[in-house]
Amino acid sequence: MPNTPLPRVRFAPSPTGFLHVGGARTALYNLLFARREKGTYILRIEDTDVERSREELTGQILSALEWLGLEHDEGPYYQSRRYDLYRAAAERLIAEGKAYRAFETPEELDLERKRAEAEGRSYRYSGTGREIPPDESDRRARAGEKFVVRLRMPAETIVVDDLIRGRVEFPAEALDDFVLVRSDERPLYHFTVCVDDADMRITHVLRGDDHLANTPKHVALFRALGAEVPAFAHLGMILGTDRKKLSKRYGAAAVEEWREQGIFPEALVNFLALLGWSPGEDREILSREEMEREFSLDRIGASPSVFDPEKLLWVNAQYMARMPAEELLRRAEPHAPSGLPEKEAALAAVELHRTRARTAIEMGRALSLYAADPEEYDPDGLRKHVRPETAPEIERLIAAFEKVESWTAHDLDAALRQLAAEMKVSASRLIHPVRLALTGVTVGAPLFDVVALLGKETALRRLKKFVAKIRETK
RNA sequence: GGCCCCAUCGUCUAGUGGUUAGGACACGGCUCUUUCAAGGCCGCGGCACGGGUUCGAGUCCCGUUGGGGCCA
C-alpha cells in the first residue's frame with residue numbers, strides 16, 4: 001500500500017455579509033472531493049480584516065452553508081483567534097532569514113512607486129530591506145522603529161502544476177518581496193492562508209480562479225515555512241448574464257437571495273455542481289450521494305461559466321416534481337401568504353400544483369388560494385370572461401351545484417356540462433368565469449379538481465360573492 | 001501598464017486526431033386540453049479568427065481577437 005495520506009481540504013470564506021454562489025460552489029466541490037476521496041473537509045473563517053468582519057456576518061455564511069447542507073468535518077476555525085500562530089511564524093521566518101524587516105515608510109514607498117510610474121517602469125519593491133544585517137534589524141525593531149515583514153522571494157521561476165489548468169509558470173521578475181505582516185503587526189491575507197494551510201496539513205487547495213495569480217506567492221511561502229506545498233485546483237469564475245463577475249448588485253449572487261426566492265437547497269446544490277463540473281453522461285439531476293460517488297477533479301472545466309437563473313428554476317422544478325407531497329407542503333408553508341387549507345386538502349392541492357409551480361414561493365401562493373377567498377379578481381379576466389349574462393348563468397350553476405350529490409370533480413364536471421347543454425352555451429363560457437370566481441385568476445389547475453378540493457360550502461360561497469361583485473360593478 | 005487564465009449552439013455542457021459535433025435550459029411549432037403548466041414529438045441554433053503539424057483537426061502547436069483575473 002502506498003502511503004498517500006487522505007486528502008484534507010478546506011473552504012475559507014471571508015465574512016463579507018453573504019455567501020456568494022461562487023463560494024458555495026467552491027465549498028461544494030471541496031466537500032465532494034473530500035467525500036469521494038474519503039478525506040476531510042475543513043471550514044475556516046478568514047476574519048482577520050477586523051473592520052469588515054463582524055460576528056453577525058460570519059453567522060450568515062455559516063447558516064447559508066448549513067442550509068445548503070454543506071457540513072464540514074472540522075472547524076470552523078477562526079483566523080482572528082490564531083494571531084499567535086502568525087506572529088510565531090513571522091518571527092521564525094525572520095530568524096531563519098527567509099523573511100526580513102523592511103523599514104521604509106509608506107511615504108517612501110509611494111515615492112518609489114511614483115518614480116517608477118513616471119519612468120514608465122512597472123513598480124517593484126527595491127529590496128533595500130534585504131540587505132540590512134540581522135543584528136541591525138533586531139536593534140532597530142527593539143528601538144521601536146516601524147517595519148513591515150517581507151518574504152525573501154527566490155530568484156527563480158515558480159511552476160504551479162494546477163490540477164485543472166496544467167502547468168503554469170510565473171517568471172521570477174513578476175514577483176517581488178511581498179508584505180507578510182503590516183507595520184501595525186497585522187498579518188496579511190497571503191500569509192495567514194499559508195500558515196493555516198500548513199498548520200492544518202491541507203493537501204489540496206480548490207478555490208476560485210481569481211487566486212491563480214497569487215499562487216506563486218503561496219508556493220514560495222509554503223517552501224519558506226518548510227511545509228509541503230499542497231496541490232492546487234483553480235476553478236473558473238461564475239459570471240453574470242452580462243459576462244461580468246457575478247456581483248451582489250446583480251441580485252443573483254447571494255445564496256441567501258435564492259433561499260428567499262423559494263429555491264430548494266438541494267436544487268441549488270445540484271445546479272451549482274453542474275456549473276463547471278459534469279458527471280460525463282447526459283445527466284442533469286443528481287443526488288448528493290451520486291455526486292459524492294462520482295465527483296472528480298479531471299471532469300472540471302477550466303473556463304468560466306455564466307449563472308443562468310432560468311436553468312436554476314428548471315432544476316428547482318425538477319425537484320418539486322419529485323418531492324413527496326408532505327415534504328413539499330412543509331417547505332411551501334412558510335411562503336403561503338394567507339395560510340393553508342386543512343391538511344388533506346393541502347396535500348391534494350400540492351399534487352395539483354407541483355407541475356405548475358417552480359419555486360416554494362409559487363407553491364405557497366397556489367396553496368393559499370384554497371385557504372382564503374379571493375380579495376380581488378384579475379381585471380383582464382373580468383374584461384375577458386364576464387358578460388352581461390354571466391351573473392344569471394352562474395346563479396343557475398350554483399343551483400345545479402347545490403343538487404350535486406357527491407362533490408367530486410367527475411360529478412361537478414358532468415353537472416356543469418349538462419347545464420351548459422341546457423343553456424345552449426359552450427362549457428368554457430361557464431368554466432372561465434367560475435375559475436375567476438373561485439381563485440381570482442384566469443390560470444391554474446383543472447377547474448373541477450379545484451371546485452372539488454374547495455368543498456361545497458367554500459365553492460358556493462365564492463361563486464355567490466362573485467355574482468354579487470359583478471352585479472355591483474355593472 | 002506588467003504577469004496569468006479562458007474560448008463547442010444565446011446559456012450550462014459532452015467530446016481527449018477519423019462523430020451526420022451529442023444532451024440540457026431557453027426559444028419556435030405540434031400534441032394533450034376548459035385555462036395555465038407538466039409530459040411527449042419535431043425544429044431553430046455552435047466548434048471566435050488566421051496560420052501551422054498530420055493522410056485527417058472541435059480535439060495538438062503558434063499567433064490574432066475577444067473575455068476574465070491578479071499585481072500595481
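Throughout, a chain's letter reflects where its sequence line sits, starting with A, and its residues are numbered from 1.
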Chemist: Determine which pairs satisfy salt bridge (charged side-chain N to carboxylate O under 4.0 Å, His left out) with at least one residue from residues 294-306 of chain A, sequence neighbours left out, and list them in order.
Modeler: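 Qualifying pairs: A:Arg283-A:Glu294.
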Chemist: Parallel, tilted or perpendicular: which fits the ring planes of A:Phe178 and A:His190, with parallel below 30° and perpendicular above 60°?
Modeler: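 Rings of A:Phe178 and A:His190: perpendicular, as their planes differ by over 60°.
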Chemist: Any side-chain N or O of A:Arg417 below 4.0 angstrom from OP1/OP2 of B:U34?
Modeler: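 So the side chain of A:Arg417 is within the cut-off, an N or O lying under 4.0 Å from OP1 or OP2 of B:U34.
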Chemist: Mind checking whether A:Phe307 and A:Trp258 have parallel, tilted or perpendicular rings, split at 30° and 60°?
Modeler: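 Parallel, since the angle between the ring planes stays under 30°.
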Chemist: Would you mind reading off the distance between A:Leu275 atom CG and B:A24 atom C1', rounded to a whole angstrom?
Modeler: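 Computing the A:Leu275:CG to B:A24:C1' distance gives 13 Å.
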Chemist: How long is the line joining NZ of A:Lys311 and C1' of B:C25, in whole Å?
Modeler: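 Nearest whole value for this atom pair: 5 Å.
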Chemist: Side-chain polar contacts of residues 413-420 of chain A - donor-acceptor pairs under 3.5 angstrom, sequence neighbours left out - could you list them?
Modeler:
residue, atom, partner, partner atom, Å
A:Asp413, OD1, A:Arg417, NE, 2.4
A:Gln418, NE2, A:Glu422, OE2, 3.3

Chemist: Could you measure between the two C1' atoms, the one in B:G45 and the one in B:C12, and give it in whole Å?
Modeler: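 15 Å, rounded to whole Å.
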Chemist: Decide if atom NZ of A:Lys456 counts as having more than 12 heavy atoms of other residues, nucleotides or ligands within a radius under 6.0 Å.
Modeler: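 Yes.
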Chemist: Taking salt bridge (Lys or Arg N to Asp or Glu O under 4.0 Å) as the test, write out the residues that go with A:Arg207, two or more places apart.
Modeler: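 In terms of salt bridge (Lys or Arg N to Asp or Glu O under 4.0 Å), with neighbours along the sequence ignored, A:Arg207 is linked to no residue.
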Chemist: Mapping A:Asp176 and A:Trp277 onto RNA chain B by nearest heavy atom, which one lands closer to the 5' end?
Modeler: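 Looking at RNA chain B, the more 5' nearest nucleotide goes with A:Trp277.
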Chemist: Say we look at B:G22 and B:C47: how far apart would their P atoms be, to the nearest angstrom?
Modeler: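 One P to the other, the span is 13 Å.
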Chemist: Could I get a table of every N or O pair under 3.5 Å where one atom is in the protein and the other is in nucleotides 64-69 of chain B?
Modeler:
residue, atom, partner, partner atom, Å
B:G69, O2', A:Asp210, O, 3.3

Chemist: Quick test: give all pairs of protein nitrogen or oxygen and nucleotides 59-63 of chain B nitrogen or oxygen below 3.5 Å, distance rounded to 0.1 Å.
Modeler:
none

Chemist: Nearest nucleotide by nearest heavy atom, which residue falls closer to the 5' end of RNA chain B, A:Ser428 or A:Arg167?
Modeler: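 Of the two residues, A:Arg167 wins.
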Chemist: Taking only residues two or more places apart in sequence or in another chain, which ones pass salt bridge (Lys or Arg N to Asp or Glu O under 4.0 Å) with A:Glu284?
Modeler: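 Salt bridge (Lys or Arg N to Asp or Glu O under 4.0 Å) check on A:Glu284 returns A:Lys311.
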Chemist: Could you tell me which residues satisfy side chain to side chain contact (heavy atoms under 4.5 Å, CB included) with A:Glu260, sequence neighbours excluded, listed by chain and number?
Modeler: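 In terms of side chain to side chain contact (heavy atoms under 4.5 Å, CB included), with neighbours along the sequence ignored, A:Glu260 is linked to A:Glu257.
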Chemist: Does anything in residues 162-171 of chain A form a side chain to side chain donor-acceptor pair (under 3.5 Å)? List the pairs, not counting sequence neighbours.
Modeler: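 Applying side chain to side chain donor-acceptor pair (under 3.5 Å) to every pair that reaches into residues 162-171 of chain A, excluding sequence neighbours, yields A:Asp162-A:His234, A:Arg167-A:Glu169.
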Chemist: Whether A:Glu266 and A:Arg331 form a salt bridge (side-chain N of Lys/Arg under 4.0 Å from carboxylate O of Asp/Glu) is what I want to check.
Modeler: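 Salt bridge present between A:Arg331 and A:Glu266.
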Chemist: When the ring planes of A:Tyr370 and A:His353 are compared, do they come out parallel, tilted or perpendicular, using 30° and 60° as the limits?
Modeler: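 The arrangement is perpendicular - the two ring planes meet at more than 60°.
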Chemist: Do A:Arg150's NZ or CZ and the ring of A:Tyr125 fall within the cation-pi criteria of under 6.0 Å and 45°?
Modeler: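 That pair qualifies as a cation-pi contact.
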Chemist: So which of residues 429-445 of chain A are in contact with RNA chain B, with a heavy-atom cut-off of under 4.0 Å?
Modeler: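 Within residues 429-445 of chain A, the residues near RNA chain B are A:Ile431, A:His432, A:Arg435, A:Thr442, A:Val443, A:Gly444, A:Ala445.
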Chemist: Please produce a list of atom pairs where a protein N or O lies less than 3.5 Å from an N or O of nucleotides 38-49 of chain B.
Modeler:
residue, atom, partner, partner atom, Å
B:A38, O4', A:Thr355, O, 3.3

Chemist: Could you work out the separation of B:G67 and B:G18 based on their P atoms and round it to a whole Å?
Modeler: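 Nearest-Å result for B:G67 against B:G18 at atom P: 33 Å.
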Chemist: Identify which nucleotide among B:U13, B:C12, B:A26 has an atom closest to any side-chain atom of A:Glu310, counting heavy atoms from C-beta outward.
Modeler: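 Nearest listed nucleotide: B:A26.
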Chemist: How many Å lie between CD1 on A:Ile300 and C1' on B:A14, as a whole number?
Modeler: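 Value for this atom pair: 16 Å.
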Chemist: Apply side chain to side chain contact (heavy atoms under 4.5 Å, CB included) to A:Ala213 and list each qualifying residue two or more places apart in sequence or on a separate chain.
Modeler: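 A:Ala213 satisfies side chain to side chain contact (heavy atoms under 4.5 Å, CB included) with no residue once adjacent residues are dropped.
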Chemist: Who pairs with A:Arg35 by side chain to side chain contact (heavy atoms under 4.5 Å, CB included), at least two apart in sequence or on another chain?
Modeler: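 Side chain to side chain contact (heavy atoms under 4.5 Å, CB included) check on A:Arg35 returns A:Leu31, A:Asp73, A:Glu292.
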Chemist: Write down the distance separating the C1' atoms in B:C71 and B:U53, rounded off to the nearest Å.
Modeler: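 Per the computed distance, 37 Å lies between those C1' atoms.
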Chemist: Suppose you measure atom P in B:C4 against the same atom in B:G39; what distance do you get, rounded to whole Å?
Modeler: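 After rounding to an integer number of Å, I get 48 Å for this pair.
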Chemist: Tell me whether the side-chain N/O atoms of A:Arg299 come closer than 4.0 Å to OP1 or OP2 in B:G15.
Modeler: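 Result: yes.
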